Amino acid sequence: MQPASSTQLASLGGHTMGTRWSVRMAARPGADLPALHAGVQRGLDQVVAQMSTWEPDSDISRYRRAPAGSWQRLPDGFIAVLDCALAVAQASGGAFDPTIGPLVDLWGFGSTGTPRRVPDAGAIERERLRTGWQRLQRRTGGTELFQPGGLQLDLSGIAKGYGADVVATHLRDCGIPAALVEVGGEIRAYGRKPDGGHWRVLVESTPDEDADPDILPPRVLALDDVAVATSGDRWHCFEQDGNRYAHTIDPRSGCPVAGAAASVTVVAPQAMEADAWATALTVMGPIEGLALAQARGLAARFVIRTGERLEETMTEPFRAQLAA
């Protein structure tokens, strides 16, 4: 939907989930920007209150502490995220798993304060046996979740994307005809800029290496009511004995993904869906992941390392999203 010509570009920003959020939007003159800012922050604070393992009183922390054999009622937003997470878990053969919490903590990437180090094989196997998205049981229309004992949800691979969706929904409800929302790198866009053009974003692609633009040209997406998420190996990592371990853990092996792509970008209708799929495809890798993306018609781009070089490969639906 193209906004009225009377709109002008306005910006908002703040902090959430250990990162930053920003909004660029088409706002009418006189729009109450402080009220819009407060509403956005309130929505993101609610996501934190529901899904942050770093908050002891959050819904996810309450579920983690719940006694074995108990049923825990969860809010609607939490259930919507869990529905999406389970759909991607099933479609990816468990490459994405919302019950991966014990492994995230074991490797030192969680909220428990465990040092980042390589655990012994016995500990990895023990914690892996505590995971498994198939173990999740629900009742009362899916709003109550069973705690069999020791099941540790972790929604960090989808929550920022959901946050971007929450912000976009709030702005639409407030009458904002177009916006580009970013939460920690996950993007949700709708409508057109005040000049009538698409929102355009540069795709995240590489770590700090210099890439030859003839080999790996910058990619710009023209967004039309879609979302973008990128996962990769440059965020949250550590080195031990000359090996580098990234934060993306393969639930199937219990270990960080070996030889992960430099980045995987997914375009999808919702940011939480793009976020979850970017993680799943990173876990699966550029061969298995690309094959699944092509089979499902996902808009996905992989940037992979081949020695000192960076190479890209993408599906046709992703190529169709590129700006002309």
Side-chain angles (χ1 to χ4, degrees), residues 81 84-98 156-162 164-165 180 182-189 198-207 211 215-235 246-252 256-306 309-324:
V81 171
C84 181
L86 291 174
V88 175
Q90 183 174 27
S92 67
F96 185 87
D97 191 336
S156 58
I158 192 172
K160 288 197 296 292
Y162 175 68
D165 292 329
L180 176 69
E182 179 183 358
V183 179
E186 320 306 357
I187 293 169
R188 179 75 172 87
H198 289 94
W199 299 107
R200 292 176 177 237
V201 297
L202 181 66
V203 180
E204 295 183 76
S205 57
T206 68
I215 298 174
L216 191 68
R219 297 299 188 185
V220 177
L221 295 168
L223 306 182
D224 188 2
D225 203 10
V226 292
V228 185
T230 298
S231 178
D233 70 352
R234 67 183 177 186
W235 299 278
H247 77 290
T248 303
I249 294 174
D250 186 340
R252 302 166 300 182
V257 178
S263 68
V264 178
T265 301
V266 174
V267 181
Q270 293 181 302
M272 66 175 173
E273 182 183 354
D275 200 2
W277 270 115
T279 300
L281 296 180
T282 297
V283 168
M284 298 179 78
I287 297 176
E288 183 188 6
L290 180 63
L292 180 63
Q294 290 173 330
R296 296 187 63 86
L298 298 175
R301 174 187 186 242
F302 292 75
V303 175
I304 59 176
R305 293 184 179 86
T306 55
R309 294 162 58 91
L310 290 163
E311 297 181 357
E312 71 170 348
T313 183
M314 66 183 75
T315 63
E316 284 305 313
F318 188 93
R319 193 177 298 278
Q321 297 285 340
L322 294 176

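Quick caveat, the model's predicted, so the values are computed rather than measured.
- Here the side chains of Val201 and Leu223 are in contact, with some heavy-atom distance below 4.5 Å.
- When side chains are defined from C-beta on, Phe318 counts as touching Leu221, because their heavy atoms get closer than 4.5 Å.
- Smallest separation of non-hydrogen atoms from Val81 and Ile158: CG1-CG2, 3.4 Å.
- Rounding to the nearest 0.5 Å gives a distance of 9.0 Å between CD of Gln321 and NE2 of His198.
- Under the 4.0 Å criterion applied to side-chain N and carboxylate O atoms, Arg252 and Glu288 are assigned as salt-bridge partners.
- Between Ile304 and Pro286, the closest heavy-atom pair is CG2-CB, 3.6 Å.
- Minimum heavy-atom separation, Ala278 to Thr230: CB-C, 4.3 Å.
- Within 6.0 Å of CD in Gln90 there are 12 or fewer heavy atoms belonging to other residues, nucleotides or ligands.
- Looking only at side-chain heavy atoms (C-beta outward), Val228 and Glu186 stay at 4.5 Å or farther from each other.
- Here Thr265 contributes atom OG1 and Arg219 contributes atom CZ; the two are 11.5 Å apart, rounded to the nearest 0.5 Å.
- Here the closest heavy-atom approach between residue Gln294 and residue Thr315 is recorded as CG-CG2, 3.8 Å.
- Contact between Val266 and Ala274 at its shortest, heavy atoms only, is O-CB, 3.6 Å.
- Going from atom OG1 of Thr282 over to atom CG of Asp250 covers 11.0 Å, rounded to the nearest 0.5 Å.
- The two atoms that bring Gly94 and Pro251 nearest to each other are O-CG, 3.4 Å, heavy atoms only.
- The shortest side-chain heavy-atom distance between Ser92 and Trp277 falls under the 4.5 Å cut-off.
- In this structure, NE2 in His247 is found 5.5 Å from OG in Ser231, a value given to the nearest 0.5 Å.
- Taking 4.5 Å as the limit, every side-chain heavy atom of Tyr162 sits out of range of all side-chain heavy atoms of Asp275.
- Taking 4.0 Å as the cut-off between side-chain N and carboxylate O, Arg188 and Asp225 count as a salt-bridged pair.
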